[in-house]
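To keep things clear, I will list the structure first and then write my remarks on it.
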Amino acid sequence: MADYHFVYKDVEGATTQWDDIQRKLGNLPEKPAPFKPPPFAPRADADEQPRSKEWLDARDPDELEELEDDLDDDRFLEQYRRMRLAELKEAAKTARFGTIQPITGSDFVREVSQAPPDVWVVVFLYKDAIPECGLLETCLEELATKYAETKFVKIISTDCIPNYPDRNVPTILVYNNSAVKGTYVGLQKFGGKKCTPESVALALCHSDPVLNDGQGGNNVMEGVRRKFIEKVVSQLETREDEDDSD
């Protein structure tokens with residue numbers, strides 16, 4: 001006959017009267033606490049999380065516009081959303097330009113002469129067939145991107161000034177408050193055919209604060225001078241290395 005061993009288990013946590021007496025006498029260890037599973041908590045939905053200032057800072061203008069209905073119940077966050085949206089729009093306004101804008105003769109008065117008094121306008125007179133124009137335009141494109149508060153426009157020379165001689169092209173005219181503040185004919189004042197964005201920037205800002213990056217302060221030209229010097233030193237070192245190799 002098989003030997004069966006049966007172990008009886010009562011309801012978890014239940015004890016006998018005998019066990020209780022033995023525990024009071026210190027003959028048995030304390031009864032372990034009954035097992036309790038952790039309370040159920042549904043997974044958090046990212047869309048239902050409370051909106052914080054940091055969360056709003058990471059939103060772009062389109063996302064902030066879409067949040068208008070969702071944030072109606074929270075006055076602080078709604079107010080902050082509006083403030084943050086205003087900041088983003090203001091930042092977009094700051095970078096007014098950022099490229100060289102092509103214009104025609106009929107655009108000149110509106111885009112140049114009638115520009116706001118606080119805006120400096122760099123007018124690039126060019127002809128496509130003249131290589132020096134391409135060289136100077138490359139420099140101006142970099143400056144236009146970096147100094148987005150300064151307005152850069154380009155116009156075919158004879159569209160701007162009828163019968164303007166090709167020997168004078170490229171030409172740069174600098175305007176401010178409806179007046180011509182500077183005239184640069186050819187590449188000579190920019191360093192000739194070795195001109196760089198830095199050498200052009202130094203020439204343009206020699207007498208007036210033509211270039212403006214929108215950040216304020218007087219560090220614009222200091223940075224230009226530093227970069228210009230670094231490039232000159234780098235070119236000299238390259239020439240020395242080439243001479244040594246010969």
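Residues Val119 and Val180 are members of one and the same hydrophobic cluster, defined by side-chain heavy-atom contacts under 4.5 angstrom among Ile, Leu, Val, Met, Phe, Trp and Tyr. Following chains of ILVMFWY side-chain contacts shorter than 4.5 Å, one can reach Tyr175 starting from Ile161, so the two form part of one hydrophobic cluster.
Atom CZ of Phe97 and atom CZ of Phe152 lie 10.5 Å apart (nearest 0.5 Å). Distance CD1/Ile156 to SG/Cys133: 10.5 Å, rounded to 0.5 Å. In this structure, CD in Glu132 is found 13.0 Å from CD in Gln188, a value given to the nearest 0.5 Å. With values rounded to the nearest 0.5 angstrom, Leu135 atom CG is found 10.0 Å from Leu140 atom CG.
A donor-acceptor pair under 3.5 Å is absent between the side-chain atoms of Thr171 and the main chain of Val185, judged by distance alone. For the pair Asn176 (side chain) and Val121 (backbone), a donor-acceptor distance under 3.5 Å is absent. With hydrogens and angles ignored, the 3.5 Å screen pairs a side-chain donor or acceptor of Ser178 with a backbone N or O of Ser113. No donor-acceptor distance shorter than 3.5 angstrom exists from the side chain of Lys151 to the backbone of Gln101, with no hydrogens or angles considered.
Contact record, Ser157 with Tyr164: CB-CD2, 3.8 Å, taken as the closest heavy-atom pair. A pairwise comparison of heavy atoms in Ile100 and Glu137 identifies CD1-O, 4.0 Å as the closest pair. The two residues Cys160 and Pro162 have their closest heavy-atom pair at O-CD, 3.9 Å. In plain terms, the two heavy atoms of Ala203 and Lys189 that are nearest each other are CB-O, 3.6 Å. In terms of heavy-atom proximity, Tyr126 sits nearest to Asp128 at CE1-OD1, 3.2 Å. Leu136 and Val200 get closest at one heavy-atom pair: CD1-CG2, 3.9 Å.
Of the candidates Val112, Asp107, Thr99, Val112 is the only one forming a side chain to side chain contact (heavy atoms under 4.5 Å, CB included) with Val153.
More than 12 non-hydrogen atoms from other residues, nucleotides or ligands lie less than 6.0 angstrom from CZ of Arg110.
Two residues are said to be in side-chain contact when any heavy atoms from C-beta on lie closer than 4.5 Å; Tyr184 and Pro170 fail this criterion. Looking at heavy atoms from C-beta onward, Lys127 lies in side-chain contact with Thr158 at the 4.5 angstrom threshold. By the 4.5 Å heavy-atom criterion applied to side chains, Val174 and Trp120 are counted as neighbours. Leu125 places a side-chain heavy atom less than 4.5 Å from the side chain of Ile155. In this structure the side chain of Val122 never reaches within 4.5 angstrom of the side chain of Leu143, judged on heavy atoms.
In this view, Ser106 and Thr104 satisfy the side-chain hydrogen bond (donor to acceptor under 3.5 Å, both in side chains) rule, not counting sequence neighbours.
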Exercise. Please walk me through it: do Tyr147 and Asp213 pass side-chain contact (heavy atoms from CB on, under 4.5 Å)?
Worked result: CA-CA 4 Å; Tyr147 303 102; Asp213 59 3; 3.8 Å; yes
